[in-house]
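Please read the structure below before turning to the comments.
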Number of protein chains: 2
Amino acid sequence: MLHNYQKEDKLIVAVDCIIFGFDTENLKVLLIKRGFEPKKGNWSLMGGFLKKDETLNEAAQRVLIKLTGLNNIYMEQLEAYSEVDRDPVERTISVAYSTLINIQNHEKEPQQQYSAKWFAVDDLPKLVFDHNSMLKRAMRRLRHKTTIQPIGLELLPEKFTMLQLQKLYEAILNKKLDKRNFVNKINSLKILIKLSEKDKRSSRKGSFLYQFDQKVYQEKVTSGFDFRL
Amino acid sequence: MLHNYQKEDKLIVAVDCIIFGFDTENLKVLLIKRGFEPKKGNWSLMGGFLKKDETLNEAAQRVLIKLTGLNNIYMEQLEAYSEVDRDPVERTISVAYSTLINIQNHEKEPQQQYSAKWFAVDDLPKLVFDHNSMLKRAMRRLRHKTTIQPIGLELLPEKFTMLQLQKLYEAILNKKLDKRNFVNKINSLKILIKLSEKDKRSSRKGSFLYQFDQKVYQEKVTSGFDFRL
DNA sequence: TCAAAAGTGTTCACCGTACACCCATGG
DNA sequence: CCATGGGTGTACGGTGAACACTTTTGA
């Protein structure tokens with residue numbers, strides 16, 4: 001007896017991408033102004049429909065490339081959203097994905113064609129459907145991740161100051177951190193290489209620039225990986 | 001302009017349920033012998049297809065009720081699986097769910113009709129499709145959860161000994177724990193009520209029975225909830 | 001010389017872990 | 001009386017959090 005797959009319901013499956021970036025002060029997300037009904041003109045996560053011959057990961061990649069031109073960026077699956085009426089036009093389930101990218105490198109680019117814009121995460125517009133829930137969930141996940149593995153490689157410029165890194169952590173965790181404790185903690189991880197250059201823009205004294213030691217950084221990311229939920 | 005939903009691909013969506021139980025010695029999962037092709041006769045997670053008018057959660061509940069008769073059990077979404085050829089007959093994506101139940105209360109019951117059987121998690125058969133991956137992932141999540149919130153209310157009988165609880169933690173974490181440290185840790189959580197009764201079956205001295213203080217227990221679960229990924 | 005940001009250590013409380021002996025009882 | 005499992009406390013190292021002053025230098 002072969003199960004009769006033909007009689008099962010078939011649905012539209014979508015992916016929605018939560019794209020985080022950081023601009024030296026605020027954690028931001030890339031949103032688009034929806035170009036078609038329903039909810040045309042409202043702010044929305046960038047999404048797309050899953051095709052028969054691709055995986056969800058591939059669909060998420062496809063969406064990311066379309067919006068940012070970025071190839072081969074790691075996207076992490078968050079959760080599937082399936083309320084029956086989440087899309088008023090047609091039953092659709094959507095799987096949320098999230099990723100981190102560097103704003104500077106991708107500010108201009110093909111975003112225009114989708115009216116994409118960066119929004120600070122603590123000043124978001126109302127989004128279509130259940131996209132606000134997705135974002136909230138993605139934030140929680142990002143916060144959690146930050147506590148168990150290093151973060152910043154994808155978000156910061158190649159060279160950055162200790163204060164920039166601290167600001168990033170503060171933006172993600174949404175609280176002030178103590179400068180001394182932060183430096184101690186980061187140094188104990190040994191993920192940074194201190195350069196001899198200084199960034200003189202921010203003060204008279206100037207502050208040292210750092211780079212990530214990518215080898216060590218990746219090790220720490222991978223070991224935190226065990227904890228992935 | 002209304003987007004033409006009609007031209008998007010539609011797919012079969014399924015749920016697969018990882019049902020954990022504990023039998024005083026081993027962490028177990030409930031598996032069924034597949035009743036239809038493909039892979040008829042092979043061991044499998046219990047699953048079902050998502051209907052047009054229900055959420056994924058509801059579908060998972062439906063499957064759980066069908067298999068165990070259990071109503072209103074909290075099921076947690078794990079991850080969506082979407083490899084194109086994961087089901088050889090028809091493109092299907094599946095969302096994995098997991099839950100914890102008390103084996104004793106549901107040993108007999110309607111399981112027979114699905115040839116369901118409990119398997120120790122460290123002695124699993126080869127399962128159909130990607131079900132072994134789902135299970136591995138569910139185990140990892142369960143382990144993680146155990147480290148940030150109390151566990152056992154769903155898995156243990158109403159009254160249990162400290163050793164039983166410790167065995168449960170050992171089964172989940174897959175390592176031996178020190179008796180003194182374990183007792184200290186559990187007591188510091190204040191989630192247990194020590195009864196005056198003893199379980200005399202296991203030794204001459206007998207060991208005290210405990211119950212969960214459900215109020216405190218739930219508080220701890222809820223506070224660990226912040227950390228949910 | 002002074003304003004403004006950079007840089008830098010110590011102390012304390014808490015938590016996880018290692019570790020070993022006495023107790024109560026039924027046979 | 002003794003074999004069997006039940007019950008109990010202490011010491012140490014590591015980690016996170018609180019906390020304030022000195023240094024550099026361009027204007």
Side-chain angles (χ1 to χ4, degrees), chain A residues 24-25 143-151 156-157 159-170 172-211 220 223-224 226-227, chain B residues 24-25 143-151 156-157 159-170 172-211 220 223-224 226-227:
Chain A
T24 75
E25 204 59 39
R143 254 177 223 135
H144 179 65
K145 203 161 146 177
T146 303
T147 64
I148 56 175
Q149 59 176 240
I151 213 152
L156 291 172
K159 300 172 183 181
F160 51 88
T161 66
M162 192 61 85
L163 186 60
Q164 278 178 277
L165 183 60
Q166 184 179 339
K167 285 260 163 80
L168 169 61
Y169 272 78
E170 290 179 342
I172 293 175
L173 298 173
N174 194 29
K175 64 178 175 193
K176 286 265 168 241
L177 299 176
D178 178 85
K179 187 168 45 158
R180 287 161 290 184
N181 291 339
F182 183 77
V183 170
N184 289 155
K185 184 189 170 65
I186 295 294
N187 283 337
S188 75
L189 294 175
K190 306 208 185 301
I191 51 173
L192 294 189
I193 299 167
K194 187 176 191 166
L195 305 176
S196 44
E197 299 171 69
K198 282 190 163 192
D199 179 345
K200 308 279 286 187
R201 287 169 307 173
S202 58
S203 75
R204 309 201 156 134
K205 187 176 177 181
S207 48
F208 281 104
L209 288 166
Y210 294 84
Q211 281 185 323
K220 306 272 177 192
S223 67
D226 290 347
F227 272 100
Chain B
T24 75
E25 204 57 41
R143 254 179 223 132
H144 180 64
K145 203 161 147 178
T146 303
T147 64
I148 56 175
Q149 59 175 239
I151 213 156
L156 291 172
K159 301 172 182 181
F160 51 87
T161 65
M162 193 60 86
L163 186 60
Q164 278 177 279
L165 183 59
Q166 183 178 340
K167 285 259 161 83
L168 169 61
Y169 272 77
E170 289 179 342
I172 292 174
L173 299 173
N174 195 28
K175 65 177 175 192
K176 285 267 168 235
L177 299 176
D178 179 84
K179 188 168 41 159
R180 286 162 291 183
N181 292 339
F182 183 75
V183 170
N184 288 155
K185 183 188 170 64
I186 295 294
N187 283 336
S188 74
L189 295 175
K190 307 210 184 300
I191 51 174
L192 293 189
I193 298 168
K194 187 176 191 166
L195 305 176
S196 45
E197 300 171 68
K198 284 189 160 193
D199 179 346
K200 309 278 287 185
R201 288 170 306 174
S202 59
S203 75
R204 309 201 156 136
K205 186 176 177 181
S207 49
F208 281 105
L209 288 166
Y210 294 83
Q211 281 185 323
K220 306 272 177 191
S223 68
D226 290 346
F227 271 100

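Reminder, nothing fancy here: chain letters follow the sequence lines and each chain counts from 1.
Between B:S203 and A:S203, the residue whose closest nucleotide on DNA chain D is further toward the 5' end is B:S203.
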* To do: Determine, for nucleotides 7-17 of chain C in 5'-to-3' order, which nucleotides have protein heavy atoms under 4.0 Å from the base (write B), from only the sugar-phosphate (write S), or from neither (write -).
  => BBB-------B

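For B:K194, there are no salt bridge (charged side-chain N to carboxylate O under 4.0 Å, His left out) partners at least two apart in sequence or on another chain. Annotation: side-chain hydrogen bond (donor to acceptor under 3.5 Å, both in side chains) contacts of A:E25 (sequence neighbours excluded): none. Listed by chain and residue number, nothing satisfies the ring-ring contact (aromatic ring centres under 6.0 Å, His included) test with B:F208 (two or more places apart in sequence, or in another chain). Legend: residues meeting side-chain hydrogen bond (donor to acceptor under 3.5 Å, both in side chains) with B:K145, ordered by chain and number and at least two apart, are B:E76. By the salt bridge (charged side-chain N to carboxylate O under 4.0 Å, His left out) test, A:K175 is found to be paired with no residue, residues two or more places apart in sequence or in another chain being considered. In this structure B:R143 satisfies the salt bridge (charged side-chain N to carboxylate O under 4.0 Å, His left out) test with no other residue, sequence neighbours excluded. Contacts of B:R204 classified as salt bridge (charged side-chain N to carboxylate O under 4.0 Å, His left out), with partners at least two apart in sequence or in another chain: none. For B:Q149, there are no side-chain hydrogen bond (donor to acceptor under 3.5 Å, both in side chains) partners at least two apart in sequence or on another chain.
To the nearest angstrom, P of C:dA6 lies 14 Å from CG of A:L165.
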* Trace of the side chain to side chain contact (heavy atoms under 4.5 Å, CB included) decision for B:L156 with B:K167 -> CA-CA 11 Å; B:L156 291 172; B:K167 285 259 161 83; over 6 Å; no

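Secondary-structure annotation of DNA chain D gives the stems C:1-27 with D:1-27, with a stem taken as at least 3 successive Watson-Crick or G-U pairs whose two distances both fall under 3.5 Å.
Under the ring-ring contact (aromatic ring centres under 6.0 Å, His included) criterion, the residue pairs touching residues 174-197 of chain B are B:Y169-B:F182, with sequence neighbours excluded.
Think of the region where chain B sits on DNA chain D: with heavy atoms and a 4.0 Å cut, that region ends 5' and 3' at D:dA3 to D:dG9.
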